[in-house]
Amino acid sequence: VDEMPPLGFFVKGTDGALIYPLADSDPQEASSNQVALRFTSPEVVTRVRDYFESLWDAIPPERKDSEAVIAWLKSRLG
């Protein structure tokens with residue numbers, strides 16, 4: 001695989017992690033037959049959390065500012 005497919009993450013503490021392929025950009029057209037991987041092993045969940053945090057830390061602070069994100073979302077909505 002040359003390129004990482006777009007994935008979504010849901011991590012809850014060290015109890016569990018869910019990794020799923022991101023659907024089409026239009027949620028109304030997303031397939032209901034999607035697959036997700038659920039992990040409950042604390043070691044695996046910790047590794048998923050660490051990976052997610054490394055991705056999050058790579059985002060510049062100005063792109064994580066609540067007001068900037070709200071403004072961006074409003075601009076995308078119309």
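Worth knowing before you read on, the calculation uses all heavy atoms, side chains too, and leaves out hydrogens, waters and symmetry mates.
- Clustering ILVMFWY residues whenever any of their side-chain heavy atoms sit less than 4.5 angstrom apart, transitively, puts V69 in a cluster other than the one holding L55.
- For the atom pair I19 CD1 and F10 CZ, the distance stands at 13.0 Å (nearest 0.5 Å).
- In terms of modelled atom types and a separation under 3.5 Å, the side chain of K64 and the main chain of D57 share no donor-acceptor contact.
- R38 CZ to Y20 OH: the interatomic distance, rounded to the nearest 0.5 Å, is 15.5 Å.
- Residues Y51 and F9 are in side-chain contact: their nearest non-hydrogen atoms beyond the backbone lie under 4.5 Å apart.
- The shortest side-chain heavy-atom distance between T46 and T14 falls under the 4.5 Å cut-off.
- Here the closest heavy-atom approach between residue A17 and residue V48 is recorded as CB-CG1, 3.9 Å.
- No side-chain heavy atom of V45 sits less than 4.5 Å from a side-chain heavy atom of D15.
- Across all their heavy atoms, K12 and R49 have their closest contact at C-NH2, 4.0 Å.
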